[in-house]
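Everything below concerns the one structure shown next.
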Number of protein chains: 2
Amino acid sequence: MLADDLAKAIIDGEFAPGARLDEQQLAQRYAVSRTPVREALRQLATTGLIEIRPRRGAIVAQVTPAQLEELFVAMGELEATCARLAALSMAPTERRRLQDLHERMGALAAANDVSAFADANHALHTMIYAGAHNIVLADMAAAMRRRLSPFRRAQFRLEGRLPRSHDEHGQVVRAILRADAPAAHAAMLQHVMRVEQSFEDLCAINQPAMAEEK
Amino acid sequence: MLADDLAKAIIDGEFAPGARLDEQQLAQRYAVSRTPVREALRQLATTGLIEIRPRRGAIVAQVTPAQLEELFVAMGELEATCARLAALSMAPTERRRLQDLHERMGALAAANDVSAFADANHALHTMIYAGAHNIVLADMAAAMRRRLSPFRRAQFRLEGRLPRSHDEHGQVVRAILRADAPAAHAAMLQHVMRVEQSFEDLCAINQPAMAEEK
DNA sequence: GAATCGTTAATTGCATGCAAACTTCACTAT
DNA sequence: ATAGTGAAGTTTGCATGCAATTAACGATTC
């Protein structure tokens, strides 16, 4: 589906936040006419990934720091809810797989393999969404993650972020494994807040570099 | 916007779940061509209100009892999260307005004014979403409410539902007013579960009538 | 008599074309 | 020199038309 391809391109950072999404260019790029491009853009706009300004075209959603804060809070609450439900209702098999993955990620963190850790991180969180046994909630959490991904891509590159992230995961995973719902909720909430903090640190570092571009 | 009009028509029950949404008919009805209709349908599909089956047209989303259960659980968790955050961060003015509205709804419940109570109910929940001071979460909760509304329309007609609903609201409102976040969370979760229970009771009553149609 | 296959009709998906609106650039006036 | 106004070009928004797929109906065969 065209909307998925476009979403992937945006998530992968081929279009930066604020970049104009010209219908004709996209039509050429994907070798279709403007009609399906327009339909795809409307879909992405409803997910919040892009923004359509009437008569003025579409841009990749750019977000003020205040909105970003809200997005992270909402994401944290969603993920924390999934973690709480997962603690209550994960099947034994799911719990074992979660533990396995978490342990494997320890090695990746130690080796500082950012790319593999990022993939595994995605899998871990997705596993927790699935463990909530509620497709609606899982879809919402996944959509939220997608919506934030343009802003979160470089976060793991921060020095020493991998082991700390792994530690935070450990808190969440252990709480889920012992079916401690409140602890799972709290640990996940804290984890997401830490991710946000890392992102803000990263912004603070890059801000001067971004400023000198213009 | 066309998508909003269409969504309203679906929410108001002009198109029942499972009804086919013919592009040409909709185009005639709204006096536009098929192109904007298609764009609107794609948008509604991403919200989950309708379902587009490739090459086979769009229908109002029909939902199995299991999916409906998931929708109500997800909605309950979302609303409970909003209630918890509202308890923590509502401004004094907002708290007073919430209390005012709740007290006015007591009279509506006593008078058994179903229509006015339903409107006020919507306002009350929206007020709590807003009280969370997080637009992203509020939008998600509102979208969820929209998505469930085709199935929840007749729920207030159940005998004696209004006073009980008002009582449940009282639990939530009092918890929010005294900034008791865990209690607000729990009370809202319970309220939504009770709404779901009412809906299921209603289904159990209507089921035979639906069965004899075919 | 029922089931399967072929044909026809209808509907979706996409391309193209045209009109309206916005942006940009140039020119004029203060 | 700067700001405001005008016009041209670009881009969105929508309508229409055509092709492809699917559903429905009828005919034929077992």
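By convention in this document, chain letters (A, B, ...) are assigned in the order of the sequence lines, proteins followed by strands, and residues within each chain are numbered from 1.
- When rounded to the nearest whole Å, the span between CG of Asp22(B) and C1' of dT12(C) equals 10 Å.
- For the helix from dG1(C)-dC30(D) to dT30(C)-dA1(D), the terminal axes (five pairs an end, C1' atoms, rotation from four pairs onto the next four) enclose an angle of 20°, given to 10 degrees.
- For DNA chain D, the neighbouring residues in residues 49-61 of chain B, judged by any heavy atom under 4.0 Å, are Arg55(B), Arg56(B).
- Considering only heavy atoms from C-beta on, Arg42(A) comes within 4.5 Å of Arg38(A) through its side chain.
- Proximity of Glu79(B) to Ile128(B): side-chain heavy atoms (C-beta onward) are nowhere separated by under 4.5 Å.
- Counting heavy-atom neighbours within 6.0 Å of Ile135(A) CD1, excluding the residue itself, gives a total of 12 or less.
- For Gln28(A), the CD atom counts as loosely surrounded, since its 6.0 Å shell holds 12 or fewer non-hydrogen atoms of other residues, nucleotides or ligands.
- For residues 34-54 of chain A, the set of pairs meeting the ring-ring contact (aromatic ring centres under 6.0 Å, His included) definition, not counting sequence neighbours, is empty.
- Around atom CZ of Arg97(A), no more than 12 heavy atoms belonging to other residues, nucleotides or ligands sit under 6.0 Å away.
- Looking at residues two or more places apart in sequence or on another chain, you find a ring-ring contact (aromatic ring centres under 6.0 Å, His included) between His102(B) and His166(B).
- dG13(C) atom P lies 11 Å from atom CD of Gln43(A), rounded to whole Å.
- DNA chain D lies under 4.0 Å from at least one heavy atom of each of the following residues of residues 31-40 of chain B: Val32(B), Ser33(B), Arg34(B), Thr35(B), Pro36(B).
- Classification of Arg56(A) and Glu51(A) as a salt-bridged pair fails, no side-chain N sitting under 4.0 Å from a carboxylate O.
- With a 4.5 Å cut-off on side-chain heavy atoms, Ile10(B) and Leu44(B) count as touching.
- Of all nucleotides in DNA chain D having an atom under 4.0 Å from a heavy atom of chain B, the first and last in 5' to 3' order are dC14(D) to dA23(D).
- In this structure, His191(A) and His125(A) have parallel ring planes: the angle between them is below the 30° cut-off, well short of the 60° mark.
- We find that Glu77(A) and Arg84(A) are not joined by a salt bridge, their nearest charged nitrogen and carboxylate oxygen being 4.0 Å or further apart.
- Thr81(A) is not listed as a side-chain neighbour of Met188(A), based on a closest heavy-atom distance of 4.5 Å or more.
- Once rounded to the nearest 0.5 Å, the distance linking OG1 of Thr46(B) with CG of Leu41(B) reads 11.0 Å.
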